[in-house]
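Note sheet for the following structure.
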Amino acid sequence: MSRHRIKNVDLDEDDFYDSGEDYDDGDDGLTVEDREQLSRGTKQVRDVLGPDIAITDQEIQETLWHYYYDVGKSVTWILNQRASSQPKGSKKSKKETKATDTVATPTKKAEGPSPDDLVTAAQSGKGGNKASKPSTKQASTEKEKNEKSAVAPAVEVPKPKSKNINVLAEYEKSKRKNAANFVVIGHVDAGKSTLMGRLLLDLKVVDQRTIDRFRKEAERVGKSSFAFAWVLDQTSEERTRGVTIDIATNKFETEKTNFTILDAPGHRDFIPNMIAGASQADFAVLVVDASTGSFESGLKGQTKEHALLVRSMGVQRIIVAVNKLDTVGWSHERFQEIEQQASSFLTSAGFQPKNISFVPCSGLTGDNIAHRAPDGLVPWYEGPTLVDELDKSEPASRALEKPLRLTIGDIFRGGIQNPLSISGRLDAGHLQIGDPIVAMPSGETAYVKALDVDEEPAEWAVAGQNVVLHLSDIDPIHLRTGDVVCSPTSPIKNISTLTIKLLAFDHITPMHIDVHRGRLHTPGQITQLVATLDKSTGQVLKKKPKLVQPGSVARVVVQLANPVPLEAPSRIVLRSNGETVAAGLLE
Amino acid sequence: MRLIKQNIERDGSGSVTLYPEEPEDMWHAYNLIRPNDLLRASALRRVTTESSTGSTASHRVQTTLSIRVTGIDFDPQAGQLHVAGRIAEENKYVKIGQYHTLDLELQRNFTLEKGEGWDSVALDVIREAIDPQKRADIAAVVMQEGLANICLITEHQTILRQRIESNIPRKRQGRSGDHDKGLTKFFETTLETLLRHVDLSAPKPILLASPGFTAASFQKYIIDTATSTGDKALLANKSNFLVVHSSSGHLHSLNEVLKSPEVLARLKDTKYARETRLMDDFFTLLRKDDGRAWYGPNEVSKAVDKSAVGRGGGILLISNSLFRSQSVSERRRWVSLVDRVNEEGGEVRILSSQHESGKRLEALGGIAAILTFPLEDLDEEEEAEDTEDTPNADMGNLQI
């Protein structure tokens, strides 16, 4: 048996279109989560298929199970299955219209009342027709290769056509809500994930049932207070260890704004991930632990490092959530003490006092997060709740006109239709379906086959939005997280020697460092200390210093091991031996 | 390396015959052989003969050649040394002045005669090379999610065997399985590669270093895999895997690894552990900025001129890459510096440029010194020659 299993695993790894086949035979029974997803999926599949297709729930569920609950894939498979089992000819036209529906539906849903809607439906319909024909033929001849044929259309589709939308004009027309990303930072175990889990529950993004389920599971492993954090900490490793490892994103909306949460890990080993999150943020929520001693130890640790990092990455506004006040009996003195210490530290880090605000709250009990604390609990606080405070954020202006730049945050398999997808936030510029893009440093071209904005299919995207791009015509080997996607007309250059003006947090000598910019994380070496500069005027104080003292500003030359796509002005963080040693601006 | 024959005169002339036994010895040979030296070793040469009718025939012959060295090329991964030069001694196959590139081979003698004479540093290299005390090499895997560097740390070198990069999907809403699957695949590749480069069944320590939990998970993966495949040899040696913390998966994190208490406990008094400690001491002093730690060729030369690197704690750290300089006068300069420090009772440490500590020293210009008494402004008059005009950049946009 063991040998057999190993063989399976090998196959699994090699076969690119593997999810069509069921390797999960080892799984015993369904979990509660699975059941829930199954029943939800079944309904969705039924909706898409319409009443004309006769199929039992069980068949649908079987298919969903095969495709890991991917509705789109399941529908395609079912349709192909029908095609092969039914006699050819008479019902063919009907089948094709069905296929068309399938493809068009998601587009419709997302677009809403747009004039382009008809065109979209027609165009994607055409694609759907083309796609379904060869697969029908294949399916009838070779039944075993059913799964493969379902894949085939995705590969055979010709280069996606651009509709030449004037994206900027469309963007002006669309009355979207403000969109803002914020990063949640703080020392390890300050309760960042729990606070955000609670916030999502109170805003009904997550339902009580899910939380109850998490609580039950968390209790089973003896970590009942982690139930809220599990909303965001999803990987098995994060749950068993009880720490956030990678950035978790989640969305919620208020009346004014669509927010994206970037929940950063607090542990010092995962600061590279935190940097990746902070580089996408418009403002920051600093969570501090109010319980005795914890705030003080945090201030020495990651509270300080995180605050310095987000500031040096250009974040101007910071909201300090004074968490766990319930453990000190909502003591006003404690709050004031923290407020005073933290604001003096934050102003010294470069935040303007008007951009710092404090909210007393408790993530575990949920007071002062979305709802006010019950009367009498916190008599000394009249200010806004955390959510109200978030809502005060001003929309940031975006570099829409500039050439396209997107730092790849993740590369994954978006589904059977989209074997290669990347996600990230558009730093500058805009793009639409059909646009060619260039991935640097490999310099390979790809086409945008489809794109999602905030997980809804869309036709275009502009700077500041969180997008998923489904790509075609590129081998995944040319893409790595941290690469930059740009437009072929004005590609970003790969450089290996950087001149950086930096603010030193630690002693700087010529030494080995890691250079971080967003997800980009590459080793390098400071080869030359050019000069120390005056902090306010930028005048050269001393040329070729031997050592740069912490707190001073200097210009240095950094030699990277490999060329990477970087351009001025970029904000860069330099780390060495697990410490952030400097932050700077590429010149 | 074994010393077969040595006849070096007082004035530095003379020759040495050496017998390399292991790949590491090629590294010593690389540090020993300089352009303009006379090298005699066995060689394979293709000889073309022309018959009276004008037809040519070529065949390979094994012969011993003496060449005047013009260039040296070292391949650390394969442990091979290629020495190019012109034939200095005629025999029946070759004429004087023809070019030949000798590939030094293990288990074959070579004889070296120094063009510039044997200096103290060259003799030191020989002394070190023929030290019969064998120390274990250790393998290390420096990793982070999606990146692993498999390297071999020997007494004198750190050799990067293989770098593995793999794309692991990040965690996404509702698709946490992708990440776990990607990670397992990454571990699988890393283990396969590790097995190809390192004999895991030998009782030698293997360091697994990473930030966070990656190394620990990898260790668990190795043991789980060994258990499921019934690999008894590996299971018997499972205590060899040392999980160590490092701040990143890049190779230069290795110096953190070598400093960690777990490693020091096992590898005390190896050359690289000493070198790492020495570099740390130097950086600690440099941070104090009290004028006792200096780096850079000119600064250190000046400090030696002022007899500041002498008895009572003066240490000269110098990378052996400086002695490999192509120019003779350059090498002479460093050798005389070393000799002077030795005369004055200071300590000289020649660091291997193939080690992490040596690379840290290279970043400082390859040379550094800890002085016995503070000296200020050793770098002063240099500023005059620096004519590069740095524009007064707009500090406005660097609001940190």
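Predicted, not measured: the structure shown is a model, and the values here were computed from it. Below, read A as the first sequence line, B as the second, and so on, with proteins coming before strands; counting in each chain starts at 1.
- In terms of heavy-atom pairs under 4.5 angstrom with chain A, the leader among Glu362(B), Glu145(B), Gln144(B) is Gln144(B).
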- Query: Yes or no on side-chain contact (heavy atoms from CB on, under 4.5 Å) for Leu364(B) and Met511(A), after CA distance, side-chain angles and deciding distance?
  - Reply: CA-CA 7 Å; Leu364(B) 299 173; Met511(A) 58 185 181; over 6 Å; no
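- The minimum heavy-atom distance linking Ala363(B) with Pro510(A) is given by the pair O-CB, 3.2 Å.
- Atom CD of Glu238(A) sits about 9.5 Å away from atom CZ of Phe213(B), to the nearest 0.5 Å.
- Closest non-hydrogen pair, Asp410(A) versus Ile168(B), comes out as OD1-O, 4.4 Å.
- Interface remark: Ser423(A) contributes side-chain atoms only to the contact with chain B (heavy atom separation under 4.5 Å).
- With hydrogens and angles disregarded, no donor-acceptor distance shorter than 3.5 Å links the side chain of Lys546(A) to the backbone of Gly296(B).
- Contact of Arg575(A) with chain B is not made at all, since no heavy-atom distance falls under 4.5 Å.
- Here the straight-line distance linking atom NE2 of His507(A) with atom NZ of Lys288(B) works out to 11.0 Å at 0.5 Å rounding.
- More than 12 heavy atoms of other shown residues, nucleotides or ligands fall within 6.0 angstrom of atom CD in Gln162(B).
- We find the OG-CD1 distance between Ser247(B) and Ile271(A) to be 10.5 Å, quoted to the nearest 0.5 Å.
- With a 4.5 Å cut-off on non-hydrogen atoms, Glu579(A) does not touch chain B at all.
- In this structure, Ile477(A) and Asn167(B) have side chains that are not in contact, with every pair of non-hydrogen atoms separated by 4.5 Å or more.
- Chain B forms more heavy-atom pairs under 4.5 Å with one residue of Gln525(A), His521(A), Arg480(A), Arg268(A) than with any other, namely His521(A).
- Contacts between Val468(A) and chain B at a heavy-atom distance below 4.5 Å involve the side chain alone, from C-beta outward.
- Of the atoms belonging to Ile422(A), not a single heavy atom falls under 4.5 Å from chain B.
- The two atoms that bring His179(B) and Thr235(A) nearest to each other are ND1-CG2, 3.9 Å, heavy atoms only.
- Across all non-hydrogen atoms, the minimal contact from His252(B) to Ile513(A) is NE2-O, 3.5 Å.
- Heavy-atom distances place no part of Glu356(B) under 4.5 Å from chain A, backbone and side chain included.
- The choice from Leu361(B), Leu147(B), Asp289(B) that makes the most heavy-atom pairs within less than 4.5 Å of chain A is Asp289(B).
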- Task: Tell me, with the steps shown, if Thr481(A) and Arg170(B) meet side-chain contact (heavy atoms from CB on, under 4.5 Å).
- Result: CA-CA 9 Å; Thr481(A) 49; Arg170(B) 302 273 169 184; 4.0 Å; yes
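- Heavy-atom distances place both the backbone and the side chain of Ala248(A) under 4.5 Å from chain B.
- Looking only at heavy-atom pairs under 4.5 Å with chain B, the residue among Gln559(A), Met313(A), Arg519(A), His267(A) that has the most is Arg519(A).
- When all heavy atoms of Phe412(A) and Pro169(B) are compared, the pair lying nearest together is CB-CB, 4.0 Å.
- If you check the side chains of Ser236(A) and Asp180(B), you find a donor sitting under 3.5 Å from an acceptor.
- Interatomic distance, Glu237(A) CD to Ser217(B) OG, rounded to the nearest 0.5 Å: 4.0 Å.
- Among the candidates Thr509(A), Thr527(A), Ile526(A), the residue making the largest number of heavy-atom pairs closer than 4.5 Å to chain B is Thr509(A).
- Proximity of the aromatic rings of His512(A) and His250(B) is defined here by a centroid distance below 6.0 angstrom, and this criterion is not met.
- The main-chain N or O of Pro211(B) is never found under 3.5 Å from a side-chain atom of Asp269(A) such that the two would form a donor-acceptor pair.
- Summarising the geometry of Leu286(B) relative to Leu547(A), their closest heavy-atom pair is O-CD2, 3.2 Å, with the distance given to 0.1 Å.
- Rounding to the nearest 0.5 Å places CZ of Arg287(B) at 10.0 Å from CD of Gln549(A).
- Side-chain atoms of Ser248(B) and Asp514(A) include a donor-acceptor pair closer than 3.5 Å.
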